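Input: a single structure, listed below in structure tokens.
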There are 2 protein chains.
Amino acid sequence: MFSLSEENYLKAIFHLERKYAGGVSTNALAEEMETKASSVTDMVKKLSDKDLVKYRKYQGVQLSEQGKRTAIEVIRKHRLWEVFLVEKLNFSWDEVHDIAEQLEHIKSEKLTDELDKFLGHPKRDPHGDPIPDAEGNFRISNKMLLADLEEGQSGICVGVKDSSTEFLRYLDKNEITLGKAIKIVQREEYDESLLIKINDKDLRISKTISKNLFIKPND
Amino acid sequence: MFSLSEENYLKAIFHLERKYAGGVSTNALAEEMETKASSVTDMVKKLSDKDLVKYRKYQGVQLSEQGKRTAIEVIRKHRLWEVFLVEKLNFSWDEVHDIAEQLEHIKSEKLTDELDKFLGHPKRDPHGDPIPDAEGNFRISNKMLLADLEEGQSGICVGVKDSSTEFLRYLDKNEITLGKAIKIVQREEYDESLLIKINDKDLRISKTISKNLFIKPND
DNA sequence: AATAAGATTTAGACTAGGCTAAATATTGTT
DNA sequence: AACAATATTTAGCCTAGTCTAAATCTTATT
Ligand SMILES: [Mn+2]
Ligand SMILES: [Mn+2]
Ligand SMILES: [Mn+2]
Ligand SMILES: [Mn+2]
């Protein structure tokens, strides 16, 4: 059984490994964990002693098989609790992340599996992120950032990269929700803003927005 | 916001105050918390600095108003989560306590209140203990220990004093569940065992059992 | 009223998880 | 190849919460 802090580090390393496959640097991890590089070095040594990560001084860190399994288990719990809060307790999608940050550390395999069953084995959390099953299997979907689509392309809004309250409230305000069809009407190269069609209306969105919205492109 | 450890101390003091109204002693608290007296002294000083308890050296400790409010809030959460686990996730009453010990420390007033609503504002947890409402109001019922009833008296089984898995499984095995009618057929003075009628059958139970079962006597 | 037993507090130490400042390694640029 | 900038680690310190052993207070018994 691992501590809350250890679990949070493993989760952060897991997420950063997408971007830094060859090893997650101390500074990258420090930024993600909102802590100092020296604290990261200390913790990474502890994780290494427990064989949760592979660590070579100055060379960054990578999850071991056990570390990866643990990280995925925490992510599974986080996302299941988010679904619970939204589906059963009337929370909106911008309110659930911080509470899930607490609930993801509750230790009981039976609780996790019963919760999963109670929720009907959901495949995605309220922000469109996939929920690993009890064996830790993810299904990865072919999603792209809206910012990377071409003029004229269209697709379905399937997820958000930034789960902050602020961003989610912006989306709510503009009636951008998961499942909606989106088409790129025009790209403005100067500021990289986009004119999109959604809800049968034209809407101009900035680069900041398009870089944080995942789209499953049509065809 | 208080730490997990502080919350557990407050809860323990709250429970012990029933028994030791004039002040909870360091040793009593140490036993309840399964820790050492010296650790209790340290923590009690911290709680006192935060005005959660009134503490006079060598004289024991009492909850302040704020301490009491906090303790009741934790107990409310503990019992609501126990109801959730039993009612919604198919847990049995002997499996929920340890998980509720974790869940009771999740910090979100909205979560607690939405959970309460979702469960239909339950009045008692799976062990018959009353659940405080959002304002911290308990309803106390006139329950007695089965051991304190007289020969010939009867009543309804309404709660357990010991919530351990072992005791609850003993009750399950003997089909003693909350809501059942119980009558004392005969008291054996030698070993203080009781012959009771329950489920239309006679059953002999030891003093250990009768001292841990709450009955609401008839009339 | 004195004293012994028991309860409680204090002193000093330890671990987990942080931080700052200083030292050292790596890397990019001349 | 040398040097400067940047990244990383180390050293030393801090707090929360725990422990053991020693000191001190309270209480029960003579
Ligand atoms: Mn989240
Ligand atoms: Mn977390
Ligand atoms: Mn309980
Ligand atoms: Mn607890």
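Residue numbers start from 1 in every chain, and the chains themselves are labelled A, B, ... in the order their sequence lines are given, proteins ahead of strands. Here the structure is a predicted model, which means the values were calculated and not measured.
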Check this for me: does any side-chain nitrogen of one of A:Glu73 and A:Lys107 sit under 4.0 Å from a carboxylate oxygen of the other?
no
Nearest-Å distance, CG (A:Leu29) to C1' (C:dG18)?
14 Å
Rounded to the Å, how far apart are A:Tyr20 OH and D:dA7 P?
11 Å
Starting at the 5' end of DNA chain C and moving along, which residue's nearest nucleotide shows up first, A:Lys57 or A:Lys36?
A:Lys36
What is the distance from NZ of B:Lys45 to P of C:dT9, rounded to the nearest Å?
8 Å
Mind checking if B:Thr41 touches a base, just sugar-phosphate, or nothing, with heavy atoms under 4.0 Å?
base
Between B:Thr26 and C:dT9, is there a contact of a side-chain N or O with OP1 or OP2 at under 4.0 Å?
yes
Rounded to whole Å, please give me the gap between OH in A:Tyr58 and P in D:dT6.
17 Å
Does B:Ser38 contact D:dT20 through a side-chain donor or acceptor facing the base, at a distance under 3.5 Å?
yes
Which pair of non-hydrogen atoms, one from B:Leu178 and one from B:Gly159, has the smallest distance, and what is that distance?
CD2-N, 3.5 Å
If you look at every strand shown and take non-hydrogen atoms under 4.0 Å, does B:Ser39 touch a base, only sugar-phosphate, or nothing?
base
Working note: A:Phe14 + A:Tyr9, criterion ring-ring contact (aromatic ring centres under 6.0 Å, His included); need CA distance, chi angles, decisive distance, verdict.
CA-CA 9 Å; A:Phe14 181 86; A:Tyr9 271 93; over 10 Å; no
Could you tell me which non-hydrogen atom of A:Glu95 sits nearest to which non-hydrogen atom of A:Phe91, and how far apart they are?
OE1-CA, 3.5 Å
Tell me which one of B:His97, B:His127, B:His105 satisfies ring-ring contact (aromatic ring centres under 6.0 Å, His included) with B:His78.
B:His97
May I have all residue pairs that pass salt bridge (charged side-chain N to carboxylate O under 4.0 Å, His left out) and include part of residues 118-138 of chain B, sequence neighbours excluded?
B:Arg79-B:Asp125
Hey, is B:Arg76 close enough to B:Asp116 for a salt bridge, meaning N to O under 4.0 Å?
yes
Rounded distance in Å - CD (B:Glu7) to C1' (D:dA16)
15 Å
Whole Å only: how far is the CZ atom of A:Arg56 from the P atom of D:dA7?
19 Å
I'd like a table of atom pairs between the protein and nucleotides 13-17 of chain C - only N or O on both sides, under 3.5 Å - with the distance next to each one.
| unit_1 | atom_1 | unit_2 | atom_2 | d |
| --- | --- | --- | --- | --- |
| C:dG17 | OP1 | A:Ser3 | OG | 2.6 |

Nucleotide D:dT18, atom P - distance to CE of B:Met33 in whole Å:
7 Å
Using whole Å, what does the distance between atom C1' of nucleotide C:dG6 and atom CG of B:Asn27 come to?
9 Å
